[in-house]
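Worksheet: one structure, shown below.
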Amino acid sequence: PCAGPVENKNEAAMSEMVPEPRQKPVVPMKPIGINASLLGYIGIDTIIEQMRKKTMKTGFDFNIMVVGQSGLGKSTLVNTLFKSQVSRKSSGWNREEKIPKTVEIKAIGHVIEEGGVKMKLTVIDTPGFGDQINNENCWEPIEKYINEQYEKFLKEEVNIARKKRIPDTRVHCCLYFISPTGHSLRPLDLEFMKHLSKVVNIIPVIAKADTMTLEEKTEFKQRVRKELEVNGIEFYPQKEFDEDLEDKTENDKIRQESMPFAVVGSDKEYQVNGKRVLGRKTPWGIIEVENLNHCEFALLRDFVIRTHLQDLKEVTHNIHYETYRAKRLNDNGGLPPMTVETEENHESNL
Amino acid sequence: QFSDSAGYVGFANLPNQVHRKSVKKGFEFTLMVVGESGLGKSTLINSLFLTDLYPERYIPGAAEKIERTVQIEASTVEIEERGVKLRLTVVDTPGYGDAINSQDCFKTIIHYIDNQFERYLHDESGLNRRHIIDNRVHCCFYFISPFGHGLKPLDVEFMKALHGKVNIVPVIAKADTLTLKERERLKRRVLDEISEHGIRIYQLPDADSDEDEEFKEQTRVLKASFTPSLYIPFAVIGSNQLIEVKGKKIRGRLYPWGVVEVENPEHNDFLKLRTMLVTHMQDLQEVTQDLHYENFRSERLKRTGKPVEEEVVDKDRILQQKEAELRRMQEMIAQMQAQMRMKPADD
């Protein structure tokens with residue numbers, strides 16, 4: 001039996017309805033005889049190449065935020081990650097740079113290209129965070145900024161005449177810099193991550209890790225992981241968003257062993273064993289940034305850029321943004337927010 | 001003069017500074033240690049005095065720190081070296097700088113220092129003065145973070161509040177975080193900020209502040225024995241772990257890229273800090289007595305008999321001062337506004 005087209009005249013009105021198509025069972029490809037490779041090739045796999053070409057043409061946006069006290073090497077690390085001067089390099093030495101009295105949000109965009117692929121990278125810096133004597137609620141400007149980007153995107157999305165490609169200023173990844181005290185997290189770290197892990201992907205990193213010996217590093221990482229767990233802080237990659245067993249296995253290993261990554265950044269090169277490497281030169285040796293025996297920078301880089309970049313964007317879009325959107329729609333009585341035509345005449349529904 | 005052989009701390013130098021009689025009594029010294037958690041304070045103290053002052057140490061997690069206020073903890077140890085006895089008290093201030101809001105975190109410390117002065121004043125004014133115990137803080141090591149770009153707002157506020165009460169010696173621990181260049185830059189930056197804010201740190205007697213920087217550089221190169229004052233703030237590394245380097249067992253930290261040696265002057269200023277401390281223990285005590293204590297005493301005695309009223313008068317005075325300031329600012333703003341109105345509009 002099938003849900004076929006209208007059968008009697010009484011239901012003429014229902015002819016307007018689109019008939020339900022008959023579901024046929026899926027059949028496997030019929031095996032072809034002799035020259036299977038030549039005659040049987042359809043070319044479906046070229047779609048991967050098409051997608052790749054498309055991505056290369058359009059390029060993509062990536063927005064990374066860095067949060068942490070002044071002097072933890074945030075700017076240097078981002079420059080090291082993307083091998084370009086992409087951050088608000090806080091030299092603090094040459095310029096007479098004062099710590100701002102309140103937290104500022106500074107976004108700097110660059111287009112970088114590699115292998116024909118263009119990335120519009122925006123680095124969002126948060127100078128002033130955690131630097132005051134009284135740091136109460138200093139995460140609020142950051143949370144506000146993140147939500148503002150969701151709002152911007154939402155406004156575009158509900159527009160009647162939408163742009164083909166909505167500019168994406170949403171924060172895809174927030175690197176939180178932990179001071180390498182060797183003891184534990186600080187109260188401010190907990191407060192920040194508790195509030196912000198609900199709205200953005202947080203990746204905690206241990207800054208200036210060349211301060212710790214291997215044992216100190218292992219112990220500190222264990223303690224930090226425990227503290228994060230005990231306080232219910234879900235950092236990226238969040239357990240609840242693992243899509244399948246493969247994801248879960250891979251991410252479990254990262255969550256339970258590698259993170260938080262203990263990193264060292266540098267934009268200076270030195271000669272080691274005939275190779276030029278990024279590093280830090282001290283009287284007792286050269287710390288090689290990309291040497292896994294020295295620090296975990298390479299792990300962070302591979303994680304954020306080479307394996308999970310796309311996932312970071314997807315989780316931001318499918319989870320964090322959707323959460324924001326649902327809340328906004330609910331607050332609005334289930335209605336999409338109206339776009340404001342003119343500021344003076346119309347009152348916004350928002 | 002000072003042997004740099006392993007294990008030698010240098011207290012035997014003290015008798016050269018004081019009269020023979022005092023030697024038999026032994027010496028008392030109180031050292032206060034202030035700084036955020038995790039800056040290497042305890043490790044440094046243990047390294048300086050070749051002891052384990054904190055055997056039962058418990059490090060609280062971040063959630064606990066949220067509730068905690070600043071504590072004062074004093075540990076005393078008796079050290080003897082070549083017949084000279086030193087009764088060393090180390091005063092710790094756990095909780096300092098940990099809270100999200102650290103506005104009040106040095107009040108406890110100020111109270112503690114004042115209390116010791118108060119007690120000494122009381123004993124000094126008493127009838128039996130033969131066995132006065134001196135618990136006054138003779139020196140305060142203030143730990144500056146090696147991870148920052150210079151002084152933090154809290155550092156500035158603390159030092160401004162305490163430089164009239166105790167000898168402040170700024171120290172940068174965990175100096176192996178920094179390359180030599182970064183270290184020099186940080187030191188210079190810290191010194192600039194200290195002078196910019198009018199902070200009075202402990203002046204070593206051999207430091208001549210009238211000499212300009214160039215002269216100091218030249219003299220540093222020329223002088224055979226080093227001048228400790230040129231190295232403030234001391235950038236130090238602490239450790240009591242023994243590591244084998246070139247067949248010898250030395251104190252240090254083992255990294256995958258090399259070994260940092262605590263007592264190697266090319267690696268850090270540990271030896272200079274230690275030497276400075278032991279050769280200046282006498283002077284630190286004297287300055288505490290002659291300057292900080294006397295300041296406290298004269299202020300305190302002025303208030304004798306009317307402690308409460310004085311406080312109220314003080315508050316009134318402060319209030320009046322603030323009101324006058326406010327009025328001045330308002331006048332200034334009014335002036336500026338008037339000027340702006342008079343200016344022709346630019347288009």
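Chain identifiers are assigned alphabetically (A, B, ...) following the order of the sequence lines, protein sequences preceding nucleic acid strands; residue numbering begins at 1 within each chain. Remember, predicted model here, so these are calculated numbers, not experimental data.
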Report task. Taking all heavy atoms of B:Ala62 and all of A:Pro187, pick out the closest pair and write down the distance. Result -> O-CG, 3.8 Å
Requested in this report: Check whether any side-chain heavy atom of B:Leu180 sits under 4.5 Å from a side-chain heavy atom of A:Pro283, and report yes or no.
Outcome: yes
Report summary line: Between the CD atom in A:Gln132 and the CD atom in B:Gln103, the distance rounded to the nearest 0.5 Å is 10.5 Å
Query raised in the report: Contact part of A:Gln69 toward chain B, heavy-atom cut-off under 4.5 Å: side chain, backbone, both or neither?
Result: side chain
Requested in this report: Measure from the side-chain N and O atoms of A:Arg186 to the backbone N and O of B:Ser37, and report whether any donor-acceptor pair falls under 3.5 Å.
Outcome: no
Query raised in the report: Given that the side chain runs from C-beta out, which part of B:Glu157 has a heavy atom under 4.5 Å from chain A: side chain, backbone, both or neither?
Result: side chain
Query raised in the report: Of all of B:Val260, B:Leu154, B:Leu254, B:Leu178, which one pairs up most often with chain A through heavy atoms under 4.5 Å apart?
Result: B:Val260
Query raised in the report: Which atoms of A:Glu227 come close to chain B, meaning under 4.5 Å heavy atom to heavy atom: side chain ones, backbone ones, both, or neither?
Result: side chain
Query raised in the report: Taking the side chain from B:Tyr255 and the backbone from A:Thr211, do they hold a donor-acceptor pair closer than 3.5 Å?
Result: yes
Report task. Considering only heavy atoms, give the residues of residues 190-202 of chain A separated from chain B by less than 4.5 Å, sorted numerically, with 'none' for an empty result. Result -> A:Leu190, A:Glu191
Query raised in the report: Side chain, backbone, both or neither: which part of B:Arg183 has a heavy atom under 4.5 Å from chain A?
Result: side chain
Requested in this report: Let me know if B:Glu266 has heavy atoms under 4.5 Å from chain A in its side chain, its backbone, both or neither.
Outcome: backbone
Report task. Answer whether the closest heavy-atom distance between the side chains of A:Lys281 and B:Thr179 falls below 4.5 Å. Result -> no
Query - Nearest-0.5 Å distance, OG of residue B:Ser42 to NE2 of residue A:His183 - result: 6.5 Å
Query raised in the report: Between A:Thr181, A:Asp131, A:Leu188, which shows the greatest number of heavy-atom pairs under 4.5 Å with chain B?
Result: A:Thr181
Requested in this report: Considering only heavy atoms and a distance below 4.5 Å, find which of A:Leu214, A:Val230, A:Asn137, A:Leu185 pairs most often with chain B.
Outcome: A:Leu185
Query raised in the report: Hey, mind stepping through B:His267 and A:Trp284 against side-chain contact (heavy atoms from CB on, under 4.5 Å) and telling me if it holds?
Result: CA-CA 7 Å; B:His267 287 191; A:Trp284 45 88; 3.7 Å; yes
Report task. Sort out for me which of B:Asp98, B:Leu39, B:Ile237 touches chain A most, counting heavy-atom pairs under 4.5 Å. Result -> B:Asp98
Query - Minimum side-chain heavy-atom gap A:Asp210-B:Trp257 below 4.5 Å - result: yes
**Report entry** Part of A:Asn231 lying under 4.5 Å from any heavy atom of chain B
**Finding:** side chain
Report task. Decide yes or no for A:Glu216 and B:Arg253: does some side-chain heavy atom of the first lie under 4.5 Å from some side-chain heavy atom of the second? Result -> yes
Report task. For the residue pair B:Glu182 and A:Arg280, establish whether any side-chain heavy-atom pair is separated by less than 4.5 Å. Result -> yes
**Report entry** Partners passing side-chain contact (heavy atoms from CB on, under 4.5 Å) against B:Pro60 (at least two apart in sequence or in another chain)
**Finding:** B:Tyr58, B:Glu64, B:Lys65, B:Arg68
